[in-house]
Amino acid sequence: MPKVLLVEDNEESRDGLSRHLKRKGYEVLTAETGEDAVELLRRHKVTGMLLDVNLPGTNGIDLVPRIVELEPHLALLMLTAVNDATSAALCMQRGAMDYLTKPIDLAHLSRAIQRALQQRRARLDSQHLNQWLKEEVAVRTAEVQFERQNLERISLATLEALVNALEAKDPYLRGHSARVADMSATVAAAMHRSDEEIELVRTGGRLHDIGKIGIREDVLGKQGPLTDREYDHVKQHVVVGSQILSPLVHLKHVIGFVRSHHERWDGTGYPDRLAGEVIPLGARIIGAVEIYDALTTSRPYQEKMDPQLAVERMRDLVGTVLDPAVYEALAEVVGRRVALVFLDDQPA
Ligand SMILES: [Fe+2]
């Protein structure tokens with residue numbers, strides 16, 4: 001049974017309305033003043049309210065905001081004098097649902113209460129629906145995001161496995177990409193790049209030579225110098241690599257690193273002859289570290305070089321092949337590592 005609170009200071013009018021409402025099946029609470037009404041509202045769960053505008057003490061107009069704050073969805077109807085349309089409009093603005101002019105037509109009253117209660121129900125339903133939708137959207141968004149990250153991780157792991165398989169065939173290349181990845185990330189950190197960028201550079205390092213999958217094995221494994229044709233074929237690995245990765249939109253920046261890691265600071269590199277800072281920083285770092293890694297690991301045609309010596313040799317490439325800032329950072333990182341190894345070697 002809906003509980004209705006009737007706030008009316010005129011006793012005769014209050015009793016008449018109360019009797020009518022009870023006959024219509026409502027449970028009725030009554031109050032003579034606004035303060036009593038607020039008190040009752042605090043103690044009872046009320047669904048509808050009839051509120052006289054002219055009350056002793058706080059009038060109905062000033063009560064509306066307090067009532068709406070206590071019970072935001074209350075079916076609130078104002079009872080106004082015939083000549084008081086302005087007050088009625090004000091109350092509606094503040095959150096009342098309807099108003100009735102005195103003397104109250106009882107048939108009209110019943111319909112107005114029913115309408116207001118229906119409106120209340122509809123507002124509550126839509127609020128619940130909104131809340132449910134909001135929660136549902138949040139849950140689904142989190143699920144989709146989780147799935148996407150999972151797929152990204154899996155695709156990356158698959159590509160890394162491919163690189164490992166490629167390198168496993170060549171004893172001189174084994175571990176090359178993993179070393180380039182770690183060193184490149186350290187150089188990026190030494191250049192004070194953001195954590196996100198450092199991780200992109202690391203991923204770029206892992207995948208920079210993935211395009212070698214598209215290079216013929218006889219050329220890839222050739223001992224001795226390559227012919228011009230063969231060299232042109234090897235150069236294709238940067239283009240093939242970026243093509244392999246192109247469907248992976250989350251690797252957008254990494255693809256640029258892969259494609260441009262053989263560009264040169266002076267613009268004479270490949271495949272696009274980019275120069276200076278037009279070459280993505282990640283590509284400049286990976287390119288420099290790749291040279292360092294080639295010098296410091298044994299190859300069929302050379303003994304491995306001492307790290308400090310390799311850095312000194314690379315100084316000749318600054319300004320032509322290498323970005324001076326990247327070279328400085330690389331030299332700093334290698335210097336730090338050499339110092340650490342030196343400390344480790346000291347007797348305790
Ligand atoms: Fe390469």
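Remember, it's 1-based here, ligands and their atoms both numbered in the order they're listed.
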key: Mutual orientation of the aromatic rings belonging to H261 and H208 [parallel < 30°, tilted 30-60°, perpendicular > 60°]   =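 H261 and H208: perpendicular rings.
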
message = Taking N, O or S atoms only and a limit of 2.8 Å, check whether H237 reaches the Fe ion (ligand 1).
response =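 For H237, the answer is yes, given that an N, O or S atom comes within less than 2.8 Å of the Fe ion (ligand 1).
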
query = Restricting to N, O or S atoms of H261, which is nearest to the Fe ion (ligand 1)?
reply =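 The nearest such atom is NE2.
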
task = Restricting to N/O/S, name the atom of D209 that gets closest to the Fe ion (ligand 1).
result =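 Atom name returned: OD1.
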
Atom [atom1] of residue position [X] - does it have more than 12 heavy atoms of other residues, nucleotides or ligands inside 6.0 Å?
X    : atom1 : value
K102 : NZ    : yes
Y99  : OH    : no
R336 : CZ    : yes

